[in-house]
Q: 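Take a look at the following structure, please.
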Amino acid sequence: MTRLDEFKPAWLKIDRAKRHIDELNAETVRFLDTKPYRVVIEPDLNPAAQNWVVRIREHPPAYWSMIIGDAIHNLRASLDLAACGAVRVARGNIKDVHFPFASSCEKIDEQIKSKKIHRAGPNIMKFIRELKPYKGGNDILRSVHDLDIIDKHISIIPTTHLASITGDVIRDGKPAFVMRSITLGSIEDGQILMRLTPVDDLEPGTEIDASFEIAFAKEHPQSSKPILPWIKEAHQTISGIIRKMENICISDKQ
């Protein structure tokens with residue numbers, strides 16, 4: 001429950017981000033349930049080999065970029081609104097107030113002053129320094145900022161990664177463990193994952209158990225990381241930051 005009116009706008013943005021994340025979660029589950037990706041045994045030109053091949057029937061819908069971008073934008077905007085809320089509690093002027101991000105540890109004090117968050121008082125300034133909102137510091141926090149900037153110029157691209165393959169293969173009458181876990185980058189239709197000696201019980205057309213994840217494209221921050229776990233963690237992280245800022249302001253008022 002929000003305890004300070006000055007922080008209500010920030011919490012509204014957090015709630016809006018959660019709705020976008022829930023929408024993306026439902027869309028992802030629904031999409032993957034249609035089995036748009038498969039790993040299939042296919043013959044090789046060499047009869048002494050067979051291939052494990054990725055087959056793609058459908059790619060993630062383009063509009064997912066909008067859902068992801070909206071969630072990230074609301075998370076980033078909530079930080080600016082929390083910064084303004086903290087300054088309001090301190091009875092300061094909110095003109096040009098923003099949550100500060102810096103290129104390095106050495107630049108954070110400069111950004112605290114540049115973004116006018118120093119008007120919120122020394123305890124908020126101390127907390128922001130502890131958050132390390134700079135490159136090489138808080139990775140999740142900095143990535144939310146960077147992805148929000150990217151989304152203003154190009155769409156955030158969701159791609160698909162092979163998360164894991166599971167299964168036993170029989171060789172010479174004995175179970176031969178092939179792999180229980182594999183992680184690959186962006187996959188393409190027809191991509192050969194492995195070329196193996198043919199196995200009697202794996203005829204061409206056999207489908208191998210595999211799981212897939214929707215991840216950030218390689219050109220984005222958090223490249224190759226699954227989007228849903230990351231954005232859920234980002235939501236939790238930023239919610240915690242805003243709650244802490246609100247608690248600091250409550251303590252400062254007492």
Side-chain angles (χ1 to χ4, degrees), residues 1-18 20-21 68-154 156 216 219-223 225 230-254:
M1 181 181 296
T2 303
R3 291 165 292 176
L4 292 176
D5 288 344
E6 292 87 349
F7 278 79
K8 283 183 178 178
W11 287 115
L12 288 173
K13 284 290 187 182
I14 286 290
D15 290 344
R16 176 53 63 180
K18 181 62 163 56
H20 290 304
I21 294 168
I68 297 165
D70 287 346
I72 289 170
H73 173 69
N74 278 280
L75 290 175
R76 176 63 186 89
S78 71
L79 291 169
D80 282 341
L81 289 168
C84 289
V87 171
R88 282 194 181 97
V89 173
R91 300 183 181 279
N93 183 354
I94 64 167
K95 180 178 173 58
D96 298 326
V97 171
H98 298 278
F99 190 93
F101 284 87
S103 58
S104 66
C105 174
E106 293 74 21
K107 297 288 187 179
I108 189 59
D109 280 346
E110 176 184 314
Q111 286 300 306
I112 286 173
K113 186 174 182 180
S114 172
K115 302 304 180 183
K116 315 300 182 186
I117 189 64
H118 65 282
R119 296 172 184 167
N123 289 329
I124 289 291
M125 291 168 60
K126 179 176 180 292
F127 175 60
I128 288 174
R129 292 189 191 99
E130 292 170 351
L131 288 175
K132 302 179 180 179
Y134 44 76
K135 292 181 179 179
N138 189 316
D139 181 56
I140 286 184
L141 196 56
R142 179 72 208 196
S143 293
V144 167
H145 177 67
D146 291 339
L147 283 164
D148 184 51
I149 292 173
I150 287 172
D151 190 56
K152 294 173 183 176
H153 303 281
I154 60 173
I156 296 172
F216 288 106
E219 59 265 36
H220 296 326
Q222 303 298 320
S223 169
K225 283 193 177 181
W230 178 86
I231 204 167
K232 288 177 181 178
E233 185 178 359
H235 180 272
Q236 183 176 18
T237 296
I238 291 176
S239 296
I241 288 170
I242 294 173
R243 177 60 70 194
K244 178 64 176 178
M245 290 177 69
E246 188 177 30
N247 286 340
I248 289 171
C249 289
I250 290 171
S251 294
D252 286 347
K253 288 180 68 174
Q254 293 175 347

Q: Salt bridge or not for Lys18 and Asp15, using N-O below 4.0 Å?
A: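 The answer is no: the pair does not qualify as a salt bridge.
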Q: Quick one: side chains of residues 124-137, donor-acceptor pairs under 3.5 Å with protein atoms, not counting sequence neighbours, listed by atom name and distance.
A:
unit_1 : atom_1 : unit_2 : atom_2 : d
Lys126 : NZ     : Glu130 : OE2    : 2.6
Arg129 : NE     : Asp109 : OD1    : 2.6
Arg129 : NH2    : Asp109 : OD1    : 3.4

Q: Please test His73 against Arg16 for side chain to side chain contact (heavy atoms under 4.5 Å, CB included), starting from the C-alpha separation and ending with a verdict.
A: CA-CA 10 Å; His73 173 69; Arg16 176 53 63 180; over 6 Å; no
Q: How many angstroms lie between NZ in Lys253 and CG in Leu4, if you round to the nearest 0.5 Å?
A: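 Answer for the NZ-CG pair, Lys253 versus Leu4, is 5.5 Å.
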Q: Compare every heavy atom of Ala71 with every heavy atom of Ala17, then report the nearest pair and how far apart it is.
A: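 Closest pair (atom of Ala17, atom of Ala71, distance): CB-O, 3.7 Å.
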Q: State the CG-CD1 distance between Leu75 and Ile231, to the nearest 0.5 angstrom.
A: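 If I round to the nearest 0.5 Å, the distance is 6.0 Å.
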Q: Taking all heavy atoms of Gly85 and all of Phe7, pick out the closest pair and write down the distance.
A: C-CE1, 3.9 Å
Q: Please examine the side chains of Arg3 and Ile250, heavy atoms only from C-beta on, and report whether any two atoms are closer than 4.5 Å.
A: yes
Q: Minimum heavy-atom separation for Trp11 and Ser239, please, with both atom names.
A: CH2-O, 3.4 Å
Q: Are any of the side-chain heavy atoms of Ile238 and Phe99 separated by less than 4.5 Å?
A: no
Q: Looking only at heavy atoms, what is the nearest atom pair of Leu81 and Pro9, with distance?
A: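 Taking every non-hydrogen atom into account, CD1-O, 3.5 Å.
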Q: Is a side-chain N or O of Thr237 found less than 3.5 angstrom from the main chain of Glu233, in a donor-acceptor match?
A: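 Yes, the answer is positive, given that a donor and an acceptor are paired below the 3.5 Å cut-off.
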Q: What distance do Asn123 atom CG and Ser251 atom OG have between them, rounded to the nearest 0.5 Å?
A: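 Between atom CG of Asn123 and atom OG of Ser251 there are 8.0 Å.
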Q: Considering the options Ile241, Ile248, Ile242, which one meets the side-chain contact (heavy atoms from CB on, under 4.5 Å) requirement together with Lys244?
A: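 Of all the options given, the one that passes is Ile248.
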Q: How far does OG of Ser114 sit from CD1 of Ile108, to the nearest 0.5 angstrom?
A: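 The distance works out to 10.5 Å.
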Q: I need the full list of side chain to side chain donor-acceptor pair (under 3.5 Å) pairs touching residues 78-102, with sequence neighbours left out, sorted by first then second residue.
A: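 Pairs touching residues 78-102 that pass the test: Arg76-Asp80.
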Q: Could you tell me the separation between the CH2 atom of Trp230 and the CD1 atom of Ile72, rounded to the nearest 0.5 Å?
A: 4.5 Å
Q: What pair of heavy atoms forms the shortest contact from Asn138 to Leu141, and how long is it?
A: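 Shortest heavy-atom contact: OD1-N, 3.0 Å.
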Q: Are Phe101 and Arg142 packed together at the side-chain level, in the sense that at least one heavy-atom pair is separated by less than 4.5 angstrom?
A: yes
Q: Distance check, rounded to the nearest 0.5 Å: Lys13 atom NZ versus Asn74 atom CG?
A: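 One gets 4.5 Å once the value is rounded to the nearest 0.5 Å.
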Q: Just to verify, what does His235 make a side-chain hydrogen bond (donor to acceptor under 3.5 Å, both in side chains) with, not counting sequence neighbours?
A: none
